Amino acid sequence: MVRPQMVRRLLEVAGLLALVGLATVAGVGLFVVSGRVRVVVQPDAEPAPDPVALLRDDLRAQHRDLEALTQQLGDGFQRLLAALQSEREAQGENAARLERLEAAVRALARAEPAAVPPPAPQAPASPGPSVQAVPPAASTTAPPAAPTRPFLGFQLPSRRFRFDGEQEFAILPDLSRVGFDAKSTLHDFTGATSKVAGAFTANLADPAGGWRGAVTCRVASLITGVDGRDSTMRDDLDAAHHPEIRFEIAAFTPAAHGIDAAAMTVRGEIRGTMTIRGVSRELRMPVAVSVDDSRRLFVEGHVPLQLGDYDVPVPNQLGVVKMDPEVNVWIALRARVRGGADGR
Amino acid sequence: MAARVRLVAAPLVLAGCYASSVVAPQDRAVAEELPAAAWRPATSGDLDGLFTSARIAGDAALSLRFCAYVFAADGRYTGAALVDADDGPAFQTLSGRWALAEDGLRLDGAPPARCEAAADWLRLTTGDGSLLLRRERR
């Protein structure tokens, strides 16, 4: 027989066990679920934004973006323009440099092998004297530059004197003189002048020569050292109507072994036409040609000349003081190679 | 008769007194003015002033017609030259600093040139030629 106290006791134990079991299950369940459950506390819902304000903000933002974009585009175009200009200048310089190089190559190709100068040293880029070429006022385009070499700070075209090859020589009046020696019963005298001009072309090394050109002097500038005699001489030479004495060079005939290229000397005979007092006659004058250390041509020669051949009156004072009708005409000319290395 | 004799005799007497003025063949050429003094190595004092070219020798003479330098005592210099370029004559100008050393005159970085002096003259010599300069008093 089960007693009621015992039953109650059992029920209490069972109830206690049930509570413990529920608590255990609840704890296990909480442990399992706690990693997967997140509790979010949401605020209360905001009021709906003003659409006009939103649109205004959008417009402002777009305006700012547009301004920034415009600025960036402007900067970009500026840089592009500068780059294009720089490139164009560089192309221009390259083209000019190319032209100069082509001109130099052509000049070298024209030159004969013996006349080709050694490679010119590069001009000292830095440090060095600042050299400025002053261009002629009328020059509008940069001419092709020939090879140059420095000389005491200046940049000179690289040239060497050519004994061979046709070149043009210009007479240097200040360093030239022509004249004549005359004899008279009173005393012998010389008339001379430095008012000499002219130019001639010659190939010094070529026996055929190809010499041609002209030399002139002013009659009024001839002086003998005696004023009265000078006046008479100008009258006799009719300086008023024939102010110049002119010699046209037509040819040159070298003497036997007259061309010495090593010594740069030439001996021979110049042939041409002498015009005095308006009368022209052929004249042959033996000459000696040399080159001085300034690379100038020195031409000297002399030849007898009959005054009567040119209708020049022979001075005669009362039949007592008489002048010899033959005078000795002489030249002492210095001439300089004209122009550039190719004889221009 | 006596007058005629005097007339004939007079030129003969005058001829004896009136020396010939014929220029000797060696004197026909125009003489260039060149210093006769002996050359010596230049000192800095010789360079101070204005100099113009009197003669140019060597291959440089084929292109260089004329030049002038001004050397200042403080080491500065300036120069000008008339150069026969391929397209015609043209002036060149330059400026910089000069120095006189044992190996000669140095114009900035240019190769040295032997520098000699004689009274109012300077002679500068390089491998391409020599330049004779005359001091200008102006």
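On a predicted model such as this, the values are computed, not experimentally measured, just so you know. So that the names make sense, note that chain A is the first sequence line, chain B the second, and so on, each numbered from 1.
Taking B/Gly88, B/Gly129, B/Ala113 one by one and counting their heavy-atom pairs under 4.5 Å with chain A, the maximum is reached by B/Gly129.
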Legend entry - Verdict with reasoning, B/Arg55 to A/Asp293, per side chain to side chain contact (heavy atoms under 4.5 Å, CB included): CA-CA 10 Å; B/Arg55 190 173 190 189; A/Asp293 62 356; 2.8 Å; yes

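The two atoms that bring A/Arg334 and B/Ala29 nearest to each other are NH2-CB, 4.4 Å, heavy atoms only. The shortest heavy-atom contact between A/Gly153 and B/Leu107 is N-CD1, 4.4 Å. A pairwise comparison of heavy atoms in A/Pro157 and B/Ala85 identifies CG-CA, 4.0 Å as the closest pair. Nearest heavy-atom pair across B/Glu32 and A/Arg296 is OE2-NH2, 2.7 Å. When every heavy atom of B/Thr126 is checked against every heavy atom of A/Leu152, the shortest pair comes out as CG2-CD2, 3.7 Å. Nearest heavy-atom pair across A/Phe189 and B/Val22 is N-CG2, 3.5 Å.
Remark: A/Arg159 engages B/Asp86 in a salt bridge, criterion side-chain N to carboxylate O under 4.0 Å.
Sequence neighbours left out, the pairs with a member in residues 56-65 of chain B that pass salt bridge (Lys or Arg N to Asp or Glu O under 4.0 Å) are A/Arg160-B/Asp59, A/Arg295-B/Asp59, B/Arg65-B/Asp84.
Rounding to the nearest 0.5 Å gives a distance of 8.5 Å between CZ of A/Phe154 and CG of B/Leu131. Distance check: A/Ser158 OG to B/Asp128 CG gives 7.5 Å after rounding to the nearest 0.5 Å.
Heavy-atom distances place the side chain of B/Val83, and not its backbone, under 4.5 Å from chain A. Of the two parts of A/Ser176, only the backbone, made up of N, CA, C and O, holds a non-hydrogen atom closer than 4.5 Å to a non-hydrogen atom of chain B.
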Hey, can you pull the donor-acceptor pairs under 3.5 Å for the side chains in residues 326-333 of chain A, sequence neighbours left out?
| residue | atom | partner | partner atom | Å |
| --- | --- | --- | --- | --- |
| A/Glu326 | OE1 | A/Gln306 | NE2 | 2.8 |
| A/Asn328 | OD1 | A/His302 | ND1 | 3.3 |
| A/Trp330 | NE1 | A/Asp181 | OD1 | 3.1 |

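A donor-acceptor pair under 3.5 Å links the side-chain atoms of A/Thr190 to the main chain of B/Val23, judged by distance alone. Between the side chain of A/Arg336 and the backbone N or O of B/Ala61, at least one donor-acceptor pair lies under 3.5 Å. Not one N or O on the side chain of B/Ser20 forms a donor-acceptor pair closer than 3.5 Å with the backbone of A/His187.
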